[in-house]
Amino acid sequence: MRWGLIGASNIAGEWMVGALRAVGDEPVAVVSGSLDRARAFAQQHGLAHAFAREDALDALGLDAVYVSSTNERHEASVLHAAAQGWHVLCEKPLATTLGAAQRMVRACAQAGVVMGTNHHLRHNAAHRRMRELLAQGRLGRLVAARVHHAVYLRPVLQGWRIDNPAAGGGVVLDIAVHNADSLGFVLGEYPVQVQAQVSSTGMARGLEDHAMSLWRYASGLTAFTHQAFTTPHARTGIEIHGTEGTLEGDGILNQRADGSLLLRSAAGVEPQALDRANLYERCLQQFHAAVRGEPNTLADGLAGQRSLAVALAVLESARRGAPVDVDYG
Ligand code: NDP
């Protein structure tokens with residue numbers, strides 16, 4: 001597939017250009033708000049074209065675009081892609097409002113193009129194995145989940161995320177969306193109600209850089225999620241607790257395919273074998289399967305809409321100081 005990149009971003013350069021080539025695709029052009037930055041990106045990554053306007057892509061015979069600009073700019077790019085008949089992989093959070101995400105999902109559905117959300121974590125083998133073990137009933141009745149996703153935001157990323165609410169900054173839109181998607185993928189459900197507290201712990205200005213929340217699910221399960229930008233030594237992980245067993249996924253919320261997974265039960269401790277497939281390449285392989293109309297585990301546009309809905313409810317709960325029902329639109 002021939003791809004256009006919308007956004008001369010860190011994630012595009014660090015991970016997605018290489019992943020596209022690794023799965024046999026061709027990134028052919030980049031669009032940036034600054035022509036100089038687009039040209040520098042194209043030169044650094046060996047792309048044939050660099051533009052400062054998205055409509056310059058229209059003549060290139062593209063199959064798909066990857067949207068990784070700041071969050072408030074995703075909507076216009078996805079709507080343009082749908083109008084051109086391009087498939088689109090959009091970064092998370094899909095947008096900064098639920099209405100925008102709904103318009104994006106609707107436009108892609110009406111145009112008959114595949115819309116994916118780059119929730120890469122569900123492509124970690126631990127997530128897939130957790131889902132399988134739950135489907136096999138190995139944990140019995142599910143009781144609780146704990147998601148530890150407190151990290152350190154690298155200095156190179158300490159820009160709009162920590163000082164620009166209009167761009168969708170803040171740790172909740174950045175990380176809680178991943179947690180909602182990971183649990184949605186593993187558990188097969190999304191929370192109906194959330195209760196949250198957020199704080200600024202020394203990095204963000206006018207935004208939260210730390211958040212803890214409790215999520216209540218229709219099945220009766222409760223999840224605790226912790227996300228932060230300011231905890232360089234914390235480990236990431238997901239635990240799922242049931243009446244017959246516990247799953248402990250340690251170090252499984254990273255960009256690299258790291259981590260381990262243990263099943264604890266009356267039978268003892270069973271380490272789970274995990275493959276180390278690159279998460280972004282696997283996302284693109286699942287994107288290809290979706291384009292071919294085959295079964296796939298891609299986080300589609302609706303998954304991105306749902307994860308955004310949860311994050312927006314977390315922010316609203318923190319603002320109100322009260323539990324909030326999640327509005328999925
Ligand atoms: P960046 O800050 O690197 O890039 C976002 C935009 O900021 C770019 O499109 C670019 O705009 C602008 N920009 C980049 N560098 C500069 C600069 N030096 N000066 C001025 N503007 C600059 O963001 P990220 O790559 O961290 O994130 C992009 C998107 O990807 C976000 O939606 C984020 O949430 C998501 N993301 C997803 C990850 C995942 O694993 N799924 C991981 C990291 C991010 P322009 O294009 O106009 O040049």
Side-chain angles (χ1 to χ4, degrees), residues 92-93 98 101 117 119 121-122 124 126-150 171-173 175-198 211-228 235-250 252-253 259 261-270 272 297 299-300 302-329:
K92 44 53 61 176
L98 193 62
T117 307
H119 278 308
L121 294 170
R122 62 161 65 196
N124 184 305
H127 287 60
R128 286 181 273 129
R129 184 69 185 138
M130 284 192 282
R131 188 160 116 134
E132 282 168 14
L133 291 165
L134 262 54
Q136 292 166 10
R138 295 291 300 276
L139 266 58
R141 184 172 52 77
L142 299 187
V143 175
R146 291 196 285 235
V147 183
H148 309 284
H149 205 161
V171 76
V172 172
L173 285 179
I175 297 185
V177 289
H178 279 313
N179 299 341
D181 185 70
S182 290
L183 287 181
F185 179 69
V186 170
L187 302 172
E189 63 174 337
Y190 290 82
V192 292
Q193 190 180 68
V194 306
Q195 184 158 15
Q197 289 198 6
V198 304
M212 287 186 169
S213 53
L214 291 175
W215 299 356
R216 190 166 63 73
Y217 289 74
S219 63
L221 177 142
T222 306
F224 162 77
T225 77
H226 180 200
Q227 35 277 305
R235 292 190 66 78
T236 69
I238 297 179
E239 297 167 14
I240 314 277
H241 304 280
T243 51
E244 307 298 324
T246 278
L247 280 168
E248 284 180 10
D250 183 42
I252 61 167
L253 296 174
L261 181 65
L262 299 178
L263 171 60
R264 296 182 188 276
S265 69
V269 180
E270 299 170 61
Q272 305 295 307
T297 56
D300 60 11
L302 199 53
Q305 181 181 319
R306 288 184 174 132
S307 65
L308 175 62
V310 175
L312 292 172
V314 166
L315 289 171
E316 180 63 11
S317 168
R319 195 184 63 78
R320 284 198 219 160
V324 164
D325 292 343
V326 183
D327 173 11
Y328 289 100

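In this text the structure is predicted, and so the values were computed from the model without any measurement.
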Review point. Is any side-chain heavy atom of D250 less than 4.5 Å from a side-chain heavy atom of E248?
Key: no
Revision key, fill the gap. Sorted by chain and number, sequence neighbours left out, side chain to side chain contact (heavy atoms under 4.5 Å, CB included) with E316 holds for R319, R320, V324
Practice item. Would you please test M130 and I238 for side chain to side chain contact (heavy atoms under 4.5 Å, CB included) and show each step? Key: CA-CA 10 Å; M130 284 192 282; I238 297 179; 4.2 Å; yes
Study note, to complete from the structure: Nearest heavy-atom approach of A196 to S317 is N-OG, 2.9 Å
**Study point:** Nearest heavy-atom neighbours spanning P93 and L308
**Key:** CB-CD1, 4.1 Å
Review point. Taking E239 for the side chain and R146 for the main chain, is one N or O donor matched with an acceptor at less than 3.5 Å?
Key: no
Study note, to complete from the structure: With sequence neighbours left out, the residues meeting ring-ring contact (aromatic ring centres under 6.0 Å, His included) with H148 are none
Review point. How long is the gap from OG on S307 to CG on L173, to the nearest 0.5 Å?
Key: 10.0 Å
**Study point:** Inter-residue atom distance I240.CD1 - L133.CG, 0.5 Å rounding
**Key:** 10.5 Å
Practice item. Please confirm whether the backbone N or O of H119 pairs with a side-chain atom of T117, one donor and one acceptor, at under 3.5 Å? Key: no
Review point. Which atoms form the tightest heavy-atom contact between A311 and V177, and what is the distance?
Key: CB-CG1, 3.7 Å
Point to revise | Straight-line distance of R128 CZ to E132 CD, nearest 0.5 Å | key: 8.0 Å
Study note, to complete from the structure: Here the gap from Q305 atom CD to D300 atom CG, rounded to the nearest 0.5 Å, amounts to 9.5 Å
Practice item. In sequence, state the C-alpha distance, the side-chain angles, and the governing distance for D181 and Y190, and then conclude on side chain to side chain contact (heavy atoms under 4.5 Å, CB included). Key: CA-CA 8 Å; D181 185 70; Y190 290 82; 4.0 Å; yes
Revision key, fill the gap. In terms of heavy-atom contacts, H226 and N179 come closest through O-ND2, 4.4 Å
Exercise for review: Would you please say whether a donor-acceptor pair under 3.5 Å links the side chains of T246 and H241?
Suggested key: yes
Exercise for review: Please report the closest heavy-atom contact between A145 and L183, naming both atoms and the distance.
Suggested key: CB-CD2, 4.1 Å
Exercise for review: Assess whether side chain to side chain contact (heavy atoms under 4.5 Å, CB included) is satisfied between L253 and V147, documenting all intermediate values.
Suggested key: CA-CA 9 Å; L253 296 174; V147 183; 3.9 Å; yes
Check your understanding: Do V310 and Y328 come close enough that some side-chain heavy atom pair is under 4.5 Å?
Key -> yes
Review point. Side chains of F185 and L121: does their closest heavy-atom pair fall under 4.5 Å?
Key: no
Point to revise | Nearest-0.5 Å distance, CD of residue E189 to OH of residue Y217 | key: 7.0 Å
Practice item. Check whether any side-chain heavy atom of Q227 sits under 4.5 Å from a side-chain heavy atom of V314, and report yes or no. Key: no
Exercise for review: Would you check if the side chain of Q272 reaches a backbone N or O of E270 as a donor-acceptor pair within less than 3.5 Å?
Suggested key: yes
Check your understanding: Would you find more than 12 non-hydrogen atoms of other residues, nucleotides or ligands less than 6.0 Å from Q197 atom CD?
Key -> no
Point to revise | Nearest heavy-atom neighbours spanning I252 and T236 | key: N-OG1, 3.6 Å
Review point. Are F224 and M212 close enough that some pair of their side-chain heavy atoms sits under 4.5 Å apart?
Key: yes
Review point. Going from CG on L134 to CZ on R138, what distance comes out if it is rounded to the nearest 0.5 angstrom?
Key: 11.0 Å
